[in-house]
Every structure is written in C-alpha cells, then in structure tokens.
Number of protein chains: 2
Amino acid sequence: MAAQAAGAGQAMTDEAARSLEERCAAKGLRMTDQRRVIARVIGGADDHPDVEEIHRRASAIDPGISLATVYRTVRLFEDSGLLSRHDFGDGRARFETLHHHHDHLIDITTGAVIEFQDPALHALLRRIADELGFHLVKHRLELIGRPIDGRAGGANGGKRSPS
Amino acid sequence: MAAQAAGAGQAMTDEAARSLEERCAAKGLRMTDQRRVIARVIGGADDHPDVEEIHRRASAIDPGISLATVYRTVRLFEDSGLLSRHDFGDGRARFETLHHHHDHLIDITTGAVIEFQDPALHALLRRIADELGFHLVKHRLELIGRPIDGRAGGANGGKRSPS
DNA sequence: ATAGGTGCAAATTCTTTGCTATTAA
DNA sequence: TTAATAGCAAAGAATTTGCACCTAT
C-alpha cells in the first residue's frame, strides 16, 4: 500500500512541546513567557489550529497573551522554519509543527483533516518539477474527498474534527 | 515524458471569451453588460488575474463596472462551475476559466505561474484518496520551484509574469 | 543597559453586503 | 412588469502595525 495515514497516534503531548521550545532557543530566539506558552500549545497540538484557536489555548495557560502576539509569534516561528502554515479553504491560516513530511486530505463532509504520506507522490512531484526545468523547493497539496460508504471515518485516527 | 507544460500557446483571445459568454447564457445566467465584459476579460486572459486585475481590465472596456460587481460575478461564475479560483500564496484569489485539467508550478524567483498536466499524478492522487477511504472530489496543488540553471525560463511559454 | 518584545488600538487588505436605482427577460 | 442586478458605501474578517511600556539577555 502506497499511502498510509499518519500522525494519529504519536505520543507528543509533552515531548514535542519541549522540543519546539528547545528548537526556538536553538535558533537564538529570545524566549519570553508568551513564546514559551505558544510553543507549548502548538507543539502539543495534534490538530491544525488557527491563530484564534492557538490564542484560546494559550490564554487558558496565561490569560495575558494578546492576539497580536500570537500572530507575531506564529510568523516568527514560521520564518524560523519551525512551523508550517496551511490553507484548508476556510479563510484563516492553520498551523502545525514541522515534523515528518506529510500532506492533507480534507473530508468535505466534516472538514476533518487526515494526514498521509506517500513517498511515490513526492518522487513524482519532484520529477514533474524537474521536467519543467525547476528544482522543487516545496509544494502545497490538499486532497478534498468524500468518505466512501462503509469505511468512512476509518482513516481518521482519533483526530479532533476542526469545526 | 510524464509532465508537459500546457496552456502557453492556445489561440483563445476571442474564441474562449465568446464561449465563456455562451456558457454563462447556457447556464441561464442573466447576461448584463457587466457580466459580458467580465466574461470576455476572464475568458480572454491567458494568465491568472486577481479580482483587482480583472476589474482593471474590465474598466478599460467599460469604465462603469464596480469592484463589487466583479467580486459578485466572479463568485457567481465560480458557483456555476465556469471558473476556478486559486490561491498562489499571496493574499488574493486568482481566477481562470475551467478548461482542461491542469496544475500549477510557481517560479519562486519571479512568481511566474507555469501550468502543467500529468495523468499519472491524477491517477496517483485518486488512488491515495481511495486508500484512505475517500472518493477524491478535487484537489489543490501548487509546486513551488526554483529554475534549474541553464534552462530557467524555458518552460514558461510567453506567460506574463504576475507581479 | 538595551535591543527586542508585548499589549492595545488603530490601520490595512481582501471580500461581502444593505440599500436604492436600474434593467434583462 | 418584476425579480434579479449594479453601484456605492459601509460592514466584516483576517492580519499587520505604531507606539509607549516592559524584559530577556
């Protein structure tokens, strides 16, 4: 089987959070309380929160954090190569830590996001770019699908459905 | 060769414009002067203009057309299945008529958009969705690439660089 | 000490909408 | 005729920014 669902069962609630903080520090970023909290929130998320959701979760830990700071921090982390930003079709940007490479399939009926990875796909994309005379720097890909009757939610390994 | 650049040399300045107008009428849309002009602009474009650019080009033909009308028309055409909307990373939405299926590669150095189509890619995407338990409804894909030295602009068949 | 960060509110940017006058069918 | 449309300006939603005050390093 080429494509396999990924990202469902990783135990990353605390470990990845700390490593995001670590990676921030390693990048030489000034670590304020706010950034630490935001890093923990994003690193500990197993979904793809938008800025407001990150702010909501961060506020639960430290009520003083402003939305502007979340925007600034998320931008900073992205520019530092620690986060990736996604556009799932609703107006807002969604974020996740940059762990293993994967792409997303969006359930058109629920909005749920399923992660998958497929080496053959990446090889093909690289080859296509190459044939057009380009070195593939990165790509944006979302599949939009409708569950096949009978095996609908099966691939969605316990992921919270994002509204 | 699997992927081939497409969309560069089609003679569509007038023919596709008329056919977009025709398709609008065929869909039962009320054809106002504004819609006719906007249809001609979009149908005649060989690039991927955003709303402001469409408005600019439409205004050159009929100065009375408002931006709001362009937004409404573009939305209408999209909902009628006559247009596709793209997000190339800059904030605004880009549009093009829905002709043959293709995807886009964006030159990271210039922002130029190269169209390509690759049947093997689409087959693979369908298969991936299928393996995850989904019927592939549609997909969003952009490759971001850097020209390989020596054969840089070669694949870009006379396409206007979109700022 | 001080360059850089934060909060707040105001500003931007892209897009949608309420309302009245206009028009295609 | 009359329901749908256009223009205009005001409203929204997401994101950015100016400024005075704080704080990691």
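Just so you know, these numbers use all the heavy atoms, side chains as well, and skip hydrogens, waters and symmetry mates. Throughout, protein chains are lettered first and strands after them, A, B, ... in sequence-line order, and every chain is numbered starting at 1.
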Note to self: With a 4.0 Å cutoff (strictly under), does any side-chain N or O of B/T69 reach OP1 or OP2 of D/dG7?
What the structure shows: yes
Next item on the list: Would you mind checking if A/R56 and A/E53 are paired as a salt bridge, meaning a charged N to carboxylate O distance below 4.0 Å?
Entry: yes
Check: Choosing from C/dC14, D/dT15, D/dA6, which nucleotide comes nearest the side chain of B/T32?
Finding: D/dA6
Item checked: Shared hydrophobic cluster, B/L98 / B/V74 (ILVMFWY, side-chain heavy atoms < 4.5 Å) -> no
Next item on the list: Round to a whole Å and report the spacing from CG of A/L67 to P of D/dT16.
Entry: 11 Å
Margin query: What is the distance, to the nearest angstrom, from the CZ atom on A/R94 to the C1' atom on D/dT15?
Written below: 16 Å
Notebook entry, point to check: What integer distance in Å separates B/M31:CE from C/dA25:P?
Noted result: 9 Å
Margin query: If you assign B/R36 and B/A93 each to the DNA chain C nucleotide with the nearest heavy atom, which residue ends up on the more 5' nucleotide?
Written below: B/A93
Margin query: Does B/R30 contact C/dA25 through a side-chain donor or acceptor facing the base, at a distance under 3.5 Å?
Written below: no
Check: How about A/D103 and A/H139: do any of their side-chain heavy atoms sit closer than 4.5 Å?
Finding: yes
Next item on the list: Looking at every strand, decide which applies to B/R72 at a 4.0 Å heavy-atom threshold: base, sugar-phosphate, or nothing.
Entry: base
Notebook entry, point to check: What is the distance, rounded to the nearest whole Å, between atom CZ of B/R85 and atom C1' of C/dT16?
Noted result: 11 Å
Checklist line | Heavy-atom closest contact (B/M31 atom, B/C24 atom, distance) | finding: SD-CB, 3.5 Å
Checklist line | A/Y71 OH to C/dT6 P, straight-line distance once rounded to whole Å | finding: 16 Å
Next item on the list: Could you state the atom-to-atom distance from CG of B/L76 to P of C/dT15 in whole Å?
Entry: 17 Å
Note to self: Please report the distance, rounded to the nearest Å, between CG in B/D33 and C1' in D/dG7.
What the structure shows: 14 Å
Check: For D/dG7, does either OP1 or OP2 sit under 4.0 Å from a side-chain N or O belonging to B/Q34?
Finding: yes
Margin query: Does D/dC8 have its OP1 or OP2 closer than 4.0 Å to a side-chain nitrogen or oxygen of B/S66?
Written below: no
Note to self: Could you go through B/I148 and A/D130, starting from their C-alpha distance and side-chain angles, then the distance that decides it, and tell me whether this counts as side chain to side chain contact (heavy atoms under 4.5 Å, CB included)?
What the structure shows: CA-CA 8 Å; B/I148 298 173; A/D130 207 69; 3.5 Å; yes
Check: Given atom CG of A/L29 and atom C1' of D/dT23, what is their separation to the nearest angstrom?
Finding: 16 Å
Checklist line | Selected nucleotide, minimal atom distance to A/R75 side chain, candidates D/dA14, C/dT15, D/dT16 | finding: D/dT16
